[in-house]
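Below: the structure, in structure tokens.
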Amino acid sequence: MAEKRDFYEVLGLKKGASKDEIKSAYRKLAKKYHPDNKETGNEVAFKEIQEAYDVLFDDQKRAAYDQFGHSAFDQAGGNPGGNPFEGFGQGGMDFDLGDIFSSFFGGGGRRSRSKSGPIRGNDTLTRIRIDFMDSINGKTVTIPINFDETCTYCNGTGAKTPNDIKTCPHCNGRGYINVQRRSIFGVVESQETCPHCNGKGKIITNPCPHCNGKGFNKKKIDLEVKIPAGISSGQQIRAQGRGERGLNGGPNGDLLIEVIVKPHQYFKRQGNDIHLDIPLDFVDAILGTKVDVPTIYGEATLNIAAGTQPGTILRMKDKGVKDLRNGKPGDQYIHLIIKTPENISKEQKELLQKFRDSGKNSESLFKKFIKNFKK
């Protein structure tokens, strides 16, 4: 059997720690290692922390531990039952474990009791894929959805008339009952959802005939969704009241529709700007030219200056995507890919040779590079 660690070491404290320091250290570690914590829960570590706290927070037990160590609580050392946890969990525990853990793990204690009043349903998420140009220009799409619609006859109560709704006699309308259980920490009292009214605090004596007492009816509809011009991939559109149904007559949540935009073969979007690669013959780059280039709004004329260099990026103002909020368009950037022909005719080759020979009296770019490289 593994040797027990020092209780002060377990809580990360020095021997002279105050009660406030003990309580603070315990709360922090208990939250971290409680078995309900899916990320860092550890039942063995939690029990070790609990035992250390129960001893050190109780003045009498702490005095005995400081003098005799763990032997003070062995079977022969004043604990006739031989259970080191016997009697713990009552004297030193001056706060509710349920209150500590419910806000972190959603279970136990008073804060997790079911509410008997109307509760709004959760939002739900679906995704749709649209073409690139539909994201630019906007579009209306139709998607089939299933959702639970509040019964219009009983307004979600599930009762035929208001007089058919009675207070639950088992929980007196609270929606929860007190339950006592014995554990290694002693008798633990907790609150659980009332099984007779399922936490609603009300019992229906005569159910609504239009929804059979459920308070809702399942519906299947074709939902029209307007995709606004300029939407980006990953943005969401909200359809109110088409999400998860509410409880106890509460309203439905919303349906969030995430739009996934398919990539375009040529256009690339960055924010509200559009980028486009276009090829350009090297002669046009040398002499300059005018070209009609595609934009997301159709073709537009672009001036290419003489002597344009490879890798040049030209800006076409206001040819980008219109902003969703203010309608102001971004820009389109043209990335020039200057191409050199792989096959040329004899005549073209002779002309290029004459062009090269005409510059023999001047130093070539490569020779200038080599001269600077050797400096």
Q | Gap separating the CD1 atom of I143 from the CG atom of D222, nearest 0.5 angstrom | A | 9.5 Å
Q. Taking 4.0 angstrom as the limit, do K139 and D131 come out as a salt bridge?
A. no
Q. F132 vs F267 aromatic rings, parallel, tilted or perpendicular, using cut-offs 30° and 60°?
A. parallel
Q) Same hydrophobic cluster for L351 and I344, using side-chain heavy-atom links shorter than 4.5 Å among ILVMFWY? A) no
Q: Please report the closest heavy-atom contact between I22 and A17, naming both atoms and the distance.
A: CD1-O, 4.1 Å
**Q.** Flag side-chain contact, heavy atom, 4.5 Å: D54 against Q50
**A.** yes
Q | N/O donor-acceptor pair under 3.5 Å between N137 side chain and M133 backbone | A | yes
Q.
If I compare all heavy atoms of G16 with all of R62, which pair ends up nearest, and what's the gap?
A. C-NH2, 3.8 Å
Q: Please indicate whether K262 has more than 12 foreign heavy atoms, meaning atoms of other residues, nucleotides or ligands, lying under 6.0 Å from its NZ.
A: yes
Q.
With a 4.5 Å cut-off on side-chain heavy-atom distances among I, L, V, M, F, W and Y, is there a chain of contacts connecting I260 to I130?
A. no
Q) Is there side-chain contact between L276 and K268, with heavy atoms separated by less than 4.5 Å? A) no
Q | Which atom of G199 lies closest to which atom of T193, heavy atoms considered | A | N-CG2, 3.4 Å
Q. Looking at Y65, Y26, Y8, F7, which one forms a ring-ring contact (aromatic ring centres under 6.0 Å, His included) with Y53?
A. Y26
Q) Just by distance, do the side chain of K166 and the backbone of N163 share a donor-acceptor pair under 3.5 Å? A) yes
Q) Would K219 and N146 count as a side-chain contact (heavy atoms from CB on, under 4.5 Å) if you check the C-alpha gap in whole Å, the side-chain angles of each, and the deciding distance to 0.1 Å? A) CA-CA 6 Å; K219 296 205 69 175; N146 297 303; over 6 Å; no
(Q) Assess whether a salt bridge exists between E149 and R245, defined as any Lys/Arg side-chain N lying under 4.0 Å from an Asp/Glu carboxylate O. (A) no
Q: Search all heavy atoms of G246 against all heavy atoms of N252 and return the closest pair with its distance.
A: N-OD1, 3.6 Å
Q. Is R242 reaching over with its side chain to a backbone N or O of A239, donor-acceptor style, under 3.5 angstrom?
A. no
Q) Would you call N42 and Y33 a side-chain contact if the rule is heavy atoms closer than 4.5 Å? A) yes
Q: Could you tell me how the ring of Y153 sits relative to the ring of H210: parallel (under 30°), tilted (30 to 60°) or perpendicular (over 60°)?
A: tilted
Q.
Keeping Q332 on the side-chain end and P294 on the backbone end, is there a donor-acceptor pair under 3.5 Å?
A. yes
Q. So, T205 side chain and D164 main chain: donor-acceptor pair closer than 3.5 Å or not?
A. yes
Q) Residues two or more places apart in sequence or in another chain: which of them pass side chain to side chain contact (heavy atoms under 4.5 Å, CB included) with T124? A) E244, L255
Q. Between the main-chain N or O of S190 and the side-chain N or O of E192, is there a donor-acceptor pair closer than 3.5 Å?
A. no
Q) Just wondering, more than 12 heavy atoms not from E299 lying within 6.0 Å of its CD? A) yes
(Q) Please say yes or no: joined through hydrophobic side-chain contacts below 4.5 Å, possibly via intermediate residues, are I128 and L125 part of one cluster? (A) no
Q: Answer whether the closest heavy-atom distance between the side chains of V321 and I296 falls below 4.5 Å.
A: yes
**Q.** Residues that D254 engages under salt bridge (charged side-chain N to carboxylate O under 4.0 Å, His left out), provided they are two or more places apart
**A.** R120, R238
**Q.** Stepwise side-chain contact (heavy atoms from CB on, under 4.5 Å) check, L256 with T126
**A.** CA-CA 6 Å; L256 302 178; T126 190; over 6 Å; no
Q) Could K47 and E51 be called an ion pair, given the rule that one side-chain N must be under 4.0 Å from one carboxylate O? A) no
Q: State the CD1-CG distance between I304 and D281, to the nearest 0.5 angstrom.
A: 11.5 Å
Q | Separation of R129 CZ from S233 OG (nearest 0.5 Å) | A | 8.0 Å
Q) Could you walk me through whether I337 and I278 pass the side-chain contact (heavy atoms from CB on, under 4.5 Å) check? A) CA-CA 6 Å; I337 311 298; I278 64 169; over 6 Å; no
Q.
A side-chain contact here means heavy atoms from C-beta on lying under 4.5 Å apart; do S18 and E21 qualify?
A. yes
(Q) Quick check against the 3.5 Å criterion: does Y297 have a side-chain atom that pairs as donor or acceptor with the backbone of G320? (A) yes
Q. What distance do L223 atom CG and I145 atom CD1 have between them, rounded to the nearest 0.5 Å?
A. 4.5 Å
Q | Ring-face cation of K339 near F282 (centre distance under 6.0 Å, axis angle within 45°) | A | no
Q | Residue pair G175 / C197: nearest heavy atoms and the distance that separates them | A | CA-SG, 4.3 Å
(Q) Between T301 and D292, does the side-chain hydrogen bond (donor to acceptor under 3.5 Å, both in side chains) criterion hold? Intermediate values first, please. (A) CA-CA 4 Å; T301 301; D292 291 331; 2.8 Å; yes
Q) Quick one: does P209's side chain get under 4.5 Å of K160's, heavy atoms only? A) yes
Q.
Tell me if a side-chain donor or acceptor on T140 pairs with a main-chain N or O of K226 at a distance below 3.5 Å.
A. no
Q: With the side chain counted from C-beta on, respond yes when F57 and K19 share a heavy-atom pair under 4.5 Å apart, and no when they do not.
A: yes
(Q) I286 vs D284, test: side-chain contact (heavy atoms from CB on, under 4.5 Å). Steps then yes/no. (A) CA-CA 5 Å; I286 295 171; D284 289 331; over 6 Å; no
Q: Decide if atom CG of N343 counts as having more than 12 heavy atoms of other residues, nucleotides or ligands within a radius under 6.0 Å.
A: no
Q.
Donor-acceptor pair, distance only, cut-off 3.5 Å: does the side chain of N212 make one with the backbone of P207?
A. no
Q: Measure the spacing between CZ of R5 and CD1 of I49 and express it to the nearest 0.5 Å.
A: 8.0 Å
**Q.** More than 12 heavy atoms of other groups within 6.0 Å of F216 CZ
**A.** yes
Q: Identify which one of I313, L314, I274, D277 satisfies the side-chain contact (heavy atoms from CB on, under 4.5 Å) criterion when paired with Y333.
A: I313
Q: Taking the side chain as every heavy atom from C-beta outward, state whether P228 and L324 have any pair of such atoms under 4.5 Å apart.
A: yes
Q: Indicate yes or no for a side-chain donor-acceptor contact from Q348 to the backbone of S345 under 3.5 Å, with no hydrogens or angles considered.
A: yes
Q | Spatial distance of atom NZ (K214) from atom SG (C154) [nearest 0.5 Å] | A | 11.0 Å
Q: Would you name the heavy atoms of H196 and C168 that are closest together and state the gap between them?
A: CB-SG, 4.3 Å
Q: Sort out for me which residue in K319, K322, R315 forms a salt bridge (Lys or Arg N to Asp or Glu O under 4.0 Å) with D331.
A: R315
